[in-house]
Novice: 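Please find one structure pasted underneath; my questions will follow.
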2 protein chains.
Amino acid sequence: MTVVEESLKRVRAGSSKAQNNEESTYRQISSAILEQRLAPGTKLTEEVLGEIFNVSRSVIRRVLTKLSFEKVVELRPNRGAVVASPTLEEANQVFEARRLVEDAVIRSCVERAEKQEIAALKKLVSAELDCNRTGDRIRWIRLSGEFHIELAKLAGNQLLVDFLTDLVAQTSLAIALYGQSNGSICGDDDHQNIVEAIEAGDAEKAARLMLKHLSECQASLTTREQHTSEDLRAIFSKS
Amino acid sequence: MTVVEESLKRVRAGSSKAQNNEESTYRQISSAILEQRLAPGTKLTEEVLGEIFNVSRSVIRRVLTKLSFEKVVELRPNRGAVVASPTLEEANQVFEARRLVEDAVIRSCVERAEKQEIAALKKLVSAELDCNRTGDRIRWIRLSGEFHIELAKLAGNQLLVDFLTDLVAQTSLAIALYGQSNGSICGDDDHQNIVEAIEAGDAEKAARLMLKHLSECQASLTTREQHTSEDLRAIFSKS
DNA sequence: TCATCGAATATTGTGTACAATTTTACCGTG
DNA sequence: CACGGTAAAATTGTACACAATATTCGATGA
């Protein structure tokens, strides 16, 4: 590559926002599932998705592969991809793993969290409460998951952050399948109380609240009739 | 598909062992890394690997993608794959995560393990000790990892099994990078003692031994000079 | 009516050609 | 001889054609 070409490249990288189609497609499909706009069991046909996002089938294929590693999508050999449908048994294992991880995470948070970080958590919780009031369920689901992941980041172990991120995603699927459709999924101010315990430096209380929070959420799961989403195009036209 | 074709397919599926090239390639590359025959940092050129295993570049590409999700290889955009080189910091996080998971796992094992399963563990430990005696380091590395994963399977949570499997793989890389090249990696009869504590139904002791085992292994890590493997063909000719 | 078959269609799987990028090797210049 | 710079080679990235497989649907006969 000549010197001229190299500098041209730097200019382009800086100005254009490199609108990374694969990453963007990944985020949109992932969000649609985690925000429960795409129901578990929904067929994800490669060509249809490719047309929706205006990318080639190979891009869709890579995205679906990644989602399948996160257990958000199930890849059935020769039969294509569907939004994953964890069994109730698997859902319970998700909560068991979360209790294990998040108990450790929150104790570490109490030790490590700085004033500034606690302020950020409060802001997140406040945004959650707003969503509750305005009935913005979709945003609430997202923020609620982010709260747990944010705690894990504070705890400082990237492996646990990654693992918990997958667990949170699977929790969303579990709730879509087994959660009470009416009523709230878990206590409205659970997160608020947890932040207060962190701020007070009370590790035992924070851990107790977290475990209670998770167990209550798990206990609210129950089998019920299920139906899948049909029209992919309609669903993604909103996003 | 006609009736005739369908039955033909069943016959083939039963008789031929479907020698699944992709799966086999995955296992061979994965094993070579985990058994430390391929050093961290070694470049994994797609075409070379394709020639070695007699598969197309697309197969190699999928295999490398999978290994990268397991954090066993690093995929550098436009610059190809290398055997992953976790930093010392990352290695410490691996051990931190392992202590968390394996403490829970072993307590669950003590509660759940049946006589038969304990016998299987003993057999595994005995095979490990054999390797120590005969100096079969490669097999020892494999069995040693399997011991931990077997415990996780007994504990009964598939998510923890999968997570720990990744952690064990990364441990192998960490030891390759930061372990003492001479001398043993960890206490020869640590595993044996753990099984005995499980058999005695002593959860506290089993957990204490496990945490000590992991911490000692972690403590033995230290930075030292590194060099990568060169000749991929020579390495895979042995397997 | 219902089950079964099989052709037609739809969808997924894979190798390969070509594009984009990086790496290497070489050359002239100070 | 070191230091850019350039062209050539090597390597990775991606779309697409075609193969393999699954699904749909109308026809046929018990």
Side-chain angles (χ1 to χ4, degrees), chain A residues 1-13 16 18-26 29 41-69 73-84 228 230-233, chain B residues 1-14 16 18-26 29 41-68 73-84 228 230-233:
Chain A
M1 182 183 289
T2 69
V3 171
V4 174
E5 287 172 317
E6 285 198 45
S7 42
L8 263 180
K9 193 178 68 173
R10 274 192 296 276
V11 169
R12 285 202 208 96
S16 94
Q19 65 156 13
N20 207 334
N21 274 328
E22 179 160 342
E23 179 63 19
S24 150
T25 303
Y26 166 78
I29 297 179
T42 302
K43 180 78 194 290
L44 300 170
T45 308
E46 296 174 1
E47 201 174 356
V48 174
L49 289 172
E51 282 170 19
I52 291 174
F53 297 108
N54 216 38
V55 295
S56 76
R57 204 152 70 78
S58 13
V59 170
I60 296 295
R61 207 148 232 279
R62 282 198 295 276
V63 167
L64 292 176
T65 302
K66 183 167 179 197
L67 290 169
S68 81
F69 279 112
V73 158
E74 183 191 357
L75 248 41
R76 305 165 306 171
N78 287 314
R79 303 195 48 231
V82 292
V83 178
T228 65
E230 291 298 323
D231 187 351
L232 290 182
R233 283 193 176 75
Chain B
M1 182 184 286
T2 69
V3 172
V4 175
E5 285 172 316
E6 286 198 44
S7 41
L8 263 179
K9 193 179 69 173
R10 275 192 296 275
V11 169
R12 285 200 209 95
S16 95
Q19 66 158 13
N20 208 335
N21 274 329
E22 179 161 341
E23 178 64 18
S24 152
T25 303
Y26 165 77
I29 297 180
T42 302
K43 179 78 194 290
L44 300 169
T45 307
E46 296 173 0
E47 201 173 357
V48 174
L49 289 172
E51 281 170 20
I52 291 174
F53 297 108
N54 215 38
V55 295
S56 75
R57 204 153 69 79
S58 15
V59 171
I60 296 296
R61 206 148 231 280
R62 281 197 297 276
V63 167
L64 292 176
T65 302
K66 183 168 179 196
L67 289 168
S68 81
V73 314
E74 184 192 355
L75 248 41
R76 307 163 306 171
N78 285 315
R79 303 197 45 234
V82 292
V83 178
T228 65
E230 291 297 323
D231 187 351
L232 290 182
R233 284 192 175 76

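In what follows, every chain begins at residue 1, and chains take the letters A, B, ... in the order their sequences are listed.
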Novice: Return the value, rounded to whole Å, for the distance between atom CZ of B:Arg57 and atom P of D:dT14.
Specialist: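 These atoms are roughly 11 Å apart.
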Novice: Which residue, B:Arg76 or A:Asn78, contacts DNA chain D at a nucleotide closer to its 5' end, judged by nearest heavy atom?
Specialist: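 The residue mapped nearer the 5' terminus is B:Arg76.
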Novice: Restricting to non-hydrogen atoms, name the atom on A:Arg79 and the atom on A:Lys43 that form the minimum distance, rounded to 0.1 Å.
Specialist: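 In this case the closest contact between A:Arg79 and A:Lys43 is O-CE, 3.5 Å.
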Novice: Can you name the nearest heavy-atom pair linking A:Leu75 to A:Ser68, along with the distance?
Specialist: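 Minimum heavy-atom separation between A:Leu75 and A:Ser68: CD2-OG, 3.8 Å.
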Novice: Testing the basics here: between A:Val63 and A:Glu22, what is the closest heavy-atom pair and its distance to 0.1 Å?
Specialist: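 Heavy-atom minimum between the residues: CG2-O, 3.8 Å.
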Novice: Give the rounded distance in Å between these two atoms: CD of A:Glu22 and C1' of C:dA20.
Specialist: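 Computing the A:Glu22:CD to C:dA20:C1' distance gives 15 Å.
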Novice: With a cut-off of less than 4.0 Å, is there a side-chain N or O of B:Arg62 near OP1 or OP2 of C:dT14?
Specialist: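 Answer yes for this pair, as a side-chain N or O of B:Arg62 is under 4.0 Å from OP1 or OP2.
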Novice: Is there a side-chain polar atom (N or O) of A:Lys43 under 4.0 Å from OP1 or OP2 of D:dA22?
Specialist: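 No.
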Novice: Where is the tightest heavy-atom contact between B:Arg233 and B:Val48, given as atom of each residue plus distance?
Specialist: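 Of all heavy-atom pairs spanning B:Arg233 and B:Val48, the closest is NH1-CG1, 3.8 Å.
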Novice: Check the distance between D:dT11's P and B:Leu232's CG and give it to me in whole angstrom.
Specialist: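 Taking CG of B:Leu232 and P of D:dT11, I get 11 Å after rounding.
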Novice: Write down the distance between CG (A:Asn21) and P (D:dG13), rounded to a whole number of angstrom.
Specialist: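 For the pair A:Asn21 CG and D:dG13 P, the rounded distance is 17 Å.
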Novice: Taking only side-chain nitrogens and oxygens of A:Arg79, does any of them come within less than 4.0 Å of OP1 or OP2 of D:dT23?
Specialist: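 Yes, because at least one side-chain N or O of A:Arg79 sits under 4.0 Å from OP1 or OP2 of D:dT23.
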Novice: Expressed in angstrom and rounded to an integer, what is the separation of B:Leu49 atom CG from D:dA10 atom C1'?
Specialist: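 In whole Å, D:dA10 C1' and B:Leu49 CG are 15 Å from each other.
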Novice: With respect to the phosphate group of C:dT14, does any side-chain polar atom (N or O) of B:Ser58 fall under 4.0 Å of OP1 or OP2?
Specialist: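 For C:dT14, neither OP1 nor OP2 has a side-chain N or O of B:Ser58 closer than 4.0 Å.
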Novice: Starting at CD of A:Glu47 and ending at P of D:dT21, how long is that distance when rounded to a whole Å?
Specialist: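 For the pair A:Glu47 CD and D:dT21 P, the rounded distance is 20 Å.
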Novice: Which whole-number value in Å describes the distance from B:Leu75 CG to C:dT21 C1'?
Specialist: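 In whole Å, C:dT21 C1' and B:Leu75 CG are 15 Å from each other.
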Novice: Which atoms form the tightest heavy-atom contact between B:Arg57 and B:Glu47, and what is the distance?
Specialist: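 Reported closest heavy-atom pair: CD-N, 4.2 Å.
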Novice: Take atom CD1 of A:Ile60 and atom P of C:dT11, then tell me their distance rounded to the nearest Å.
Specialist: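 Distance, rounded to whole Å: 14 Å.
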Novice: The side chain of B:Ser56 lies closest to which of these nucleotides: D:dA15, C:dG15, C:dG13?
Specialist: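 Among D:dA15, C:dG15, C:dG13, the one nearest the side chain of B:Ser56 is C:dG15.
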Novice: With a 4.0 Å cutoff (strictly under), does any side-chain N or O of B:Arg61 reach OP1 or OP2 of D:dG13?
Specialist: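 True: B:Arg61 side-chain N/O within range (under 4.0 Å) of D:dG13 OP1/OP2.
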